[in-house]
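Structure record follows, encoded as structure tokens.
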There are 2 protein chains.
Amino acid sequence: MSREDRQLIDSLARGFAILECLSRARRPLGNGEIAALVDLPPSSVSRLTHSLTVLGYIRRSPSQRTYELTPKNLMLGYPVLAGMSLLDRVRPYLKSISEQTGETVTLAVRDGLYSTFAEVVQGVNLVAVRLSTGARLRLANSASGIAMVSALPEKEKHTVTARIRAEITRRGEDLAVFNNSLEECEATGVAIVRNTWQKGIGGVAIAVQAQGELGALTMPVATGSVSAEVMHTTLASTLREAAETISPGYEPQTG
Amino acid sequence: MSREDRQLIDSLARGFAILECLSRARRPLGNGEIAALVDLPPSSVSRLTHSLTVLGYIRRSPSQRTYELTPKNLMLGYPVLAGMSLLDRVRPYLKSISEQTGETVTLAVRDGLYSTFAEVVQGVNLVAVRLSTGARLRLANSASGIAMVSALPEKEKHTVTARIRAEITRRGEDLAVFNNSLEECEATGVAIVRNTWQKGIGGVAIAVQAQGELGALTMPVATGSVSAEVMHTTLASTLREAAETISPGYEPQTG
DNA sequence: AACCTATTTCCGCAGAGCGAAAAAGTAAGA
DNA sequence: TCTTACTTTTTCGCTCTGCGGAAATAGGTT
């Protein structure tokens with residue numbers, strides 16, 4: 001966080017740094033671990049975790065002396081979900097596609113340079129990807145991200161792709177992956193990535209829009225059992241059909 | 001918030017007061033509205049909303065000069081949902097009960113003196129209650145709350161009911177409603193309330209447990225079209241059957 | 001252009017929050 | 001049981017962060 005912004009309240013940022021640290025962790029964390037991960041002194045972390053506990057956003061297991069997020073955190077997401085008309089429109093399709101394919105099917109929405117999953121219908125296939133509402137990926141390397149970027153109005157697309165490319169460059173990653181995926185999506189209407197954000201996982205996604213809201217109908221798949229060919233053919237077709245009904249007249253092919 | 005706690009970081013609490021204010025609002029709010037609702041000076045609110053915007057948790061519509069929560073808020077709920085074994089176990093039942101009844105079916109979990117909805121399968125009935133993940137009700141007057149309270153271990157139940165009764169008393173509400181509902185739930189295993197937290201809405205709920213996690217399988221219903229008798233008979237039976245499978249050998253009747 | 005309202009920025013100031021150090025808590029090993 | 005090592009919490013001196021009133025700016029209406 002930049003110290004140039006005199007109006008940014010530092011202690012608020014610190015509190016959120018801790019919440020975000022816990023949201024990325026695979027298990028509850030102790031104060032010392034949090035302190036190391038967010039690079040703050042242990043006494044400061046102790047006070048911050050105490051405050052977050054009093055406020056109800058984290059709870060502590062006294063026996064383990066570790067902290068984890070509470071269900072209260074779901075509360076802040078409620079109005080986001082409740083107010084999302086697109087979600088109501090897309091929900092039946094999430095269900096039917098998942099039943100038809102056995103795969104996990106999701107609606108993702110854009111959130112700055114991230115793609116956040118708003119609703120997830122868990123697939124019943126043995127190797128269907130396990131995912132939950134609130135999971136978040138970078139636009140840069142996720143199928144949902146690329147699908148949404150390709151569907152932005154030209155002006156905004158230009159701005160957003162520039163920011164994405166700057167981020168990729170800053171991280172020392174390969175620009176060609178993003179560029180190729182975006183190009184292919186613009187040609188076919190469907191974004192497909194494999195093993196970009198996690199080994200063994202890929203995604204097929206198509207942009208959908210309703211009432212001014214843009215999202216991506218997405219199927220995350222296990223690349224070990226779902227071939228690139230199936231992604232490009234069967235799954236892509238399934239998504240195209242659904243998108244055609246969800247956003248009639250909306251032409252996702254802008255390439 | 002109590003000023004006796006010297007270790008509570010005030011500006012953190014202020015930030016969350018604003019987020020919670022926005023989570024309760026039915027529409028985006030301007031700075032002045034927020035300032036009035038959280039009882040802070042407008043200049044303080046301006047700086048807080050600016051900070052929350054930079055951190056990504058709210059966004060501003062420049063034309064309306066109003067703020068609303070972003071999808072990033074879903075991120076903090078992700079590990080709560082992803083780590084919930086009970087949810088995986090209950091999910092198929094949410095689906096099948098909703099298909100069978102046409103009603104909205106949910107899994108609620110306890111969160112202090114609140115019941116928070118972790119997953120919601122939206123019903124297709126014309127008057128099925130609309131609800132989303134993250135919705136939150138008081139234990140005191142919700143079916144899910146009462147079901148969970150009745151299933152707590154004796155010692156904890158005693159503590160929690162005392163806190164609930166103190167809250168009810170402090171708010172000047174009628175203790176008899178809570179007492180009667182809890183008593184009935186302990187006798188029948190199913191908690192039923194009508195029009196307690198919102199006119200026109202009621203709930204039927206039963207406690208479920210798996211791997212040490214306690215929750216409530218819940219059906220919120222429109223009281224204008226679903227009679228008390230149907231709640232007590234058909235819906236209650238449906239929930240009992242499901243609970244018997246979800247938590248085999250777990251005896252919710254402790255009365 | 002004038003007026004009104006809402007919001008943001010500025011800035012003096014004091015106390016809120018910082019972090020190092022001390023104190024307390026906890027677990028493991030002898 | 002005692003000792004040691006490690007983790008966490010609390011204390012407290014200090015400074016600079018965040019506060020809020022006032023001034024400036026922004027935006028809409030007449």
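Note that the coordinates shown come from a computational prediction; the quantities given were computed from them, not determined experimentally. Proteins come first, then strands; the chains are lettered A, B, ... in the order of their sequence lines, and each starts at number 1.
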### Atom-to-atom span, CD1 of A:Ile9 to P of C:dG15 - whole angstrom
18 Å
### Task
Using side chain to side chain contact (heavy atoms under 4.5 Å, CB included) as the criterion, list what pairs up with B:Val160, not counting sequence neighbours.
B:Arg110, B:Leu113, B:Leu139, B:Val149, B:Leu152, B:Glu156, B:Ile164
### Summary
Residue set satisfying side chain to side chain contact (heavy atoms under 4.5 Å, CB included) with A:Arg138, at least two apart, ordered chain then number -> A:Tyr114, A:Ala140, A:Asn141, A:Glu167, A:Ile168, A:Arg171, A:Glu173
#### Entry: Separation of atom CG in A:Leu8 from atom P in C:dT8, rounded to whole Å
15 Å
### Task
Nearest whole angstrom, please: distance from the P of C:dT7 to the CD1 of B:Ile58.
13 Å
### Query
For DNA chain D, whose closest nucleotide is more 5', that of A:His50 or that of B:Arg60?
A:His50
#### Entry: Interatomic distance where CD1 belongs to B:Ile18 and C1' belongs to C:dT7 [whole Å]
14 Å
#### Entry: side chain to side chain donor-acceptor pair (under 3.5 Å) partners of B:Thr161, counting only residues at least two apart
none
### Query
What residues, two or more places apart in sequence or in another chain, satisfy salt bridge (Lys or Arg N to Asp or Glu O under 4.0 Å) together with B:Arg91?
B:Asp88, B:Glu119
### Task
Whole angstrom is fine here: how far is it from CD in A:Gln7 over to P in C:dC10?
7 Å
#### Entry: Between A:Ser11 and B:Ser11: side-chain donor-acceptor atoms closer than 3.5 Å
yes
### Task
Return the set of residues passing side chain to side chain contact (heavy atoms under 4.5 Å, CB included) with B:Leu69 (not counting sequence neighbours), or none when no residue passes.
A:Pro79, A:Val80, B:Leu19, B:Leu22, B:Ser23, B:Ile58, B:Asn73
### Query
According to a strict under-4.0 Å criterion, is B:Arg14 in side-chain N/O contact with OP1 or OP2 of C:dG17?
no
### Query
Do the side-chain N or O atoms of A:Ser11 get closer than 4.0 angstrom to the phosphate oxygens (OP1, OP2) of D:dG18?
yes
### Axial bend angle, the helix from C:dA1-D:dT30 to C:dA30-D:dT1: five-pair end segments, nearest 10°
40°
### Query
By salt bridge (Lys or Arg N to Asp or Glu O under 4.0 Å), which residues pair with A:Arg59, not counting sequence neighbours?
A:Glu68
### Message
Below 4.0 angstrom, which residues in residues 23-37 of chain A have at least one non-hydrogen atom near DNA chain D?
### Response
A:Gly30, A:Asn31, A:Gly32
### Message
In this structure, how many angstroms lie between the C1' atom of C:dA16 and the CG atom of B:Leu12, rounded?
### Response
13 Å
### Query
Looking at residues 40-48 of chain A, who's got a heavy atom less than 4.0 Å off DNA chain C?
A:Pro41, A:Ser43, A:Ser44, A:Arg47
### Query
Quick one: is D:dT17 close enough that its OP1 or OP2 comes under 4.0 Å of any side-chain N or O from A:Arg6?
no
### Task
For the residue pair B:Gln209 and B:Ser247, confirm or rule out a side-chain donor-acceptor distance under 3.5 Å.
no
### Message
Give me each pair satisfying salt bridge (Lys or Arg N to Asp or Glu O under 4.0 Å) with a member in residues 31-54 of chain A, each pair once, sequence neighbours excluded.
### Response
A:Arg27-A:Glu33
### Summary
With sequence neighbours left out, the residues meeting side chain to side chain contact (heavy atoms under 4.5 Å, CB included) with B:Ala25 are B:Leu29
### Task
Could you list the residues that satisfy side chain to side chain donor-acceptor pair (under 3.5 Å) with B:Tyr57, not counting sequence neighbours?
A:Glu20
### Task
Find the distance B:Asp5:CG to D:dT11:P and express it as a whole number of Å.
11 Å
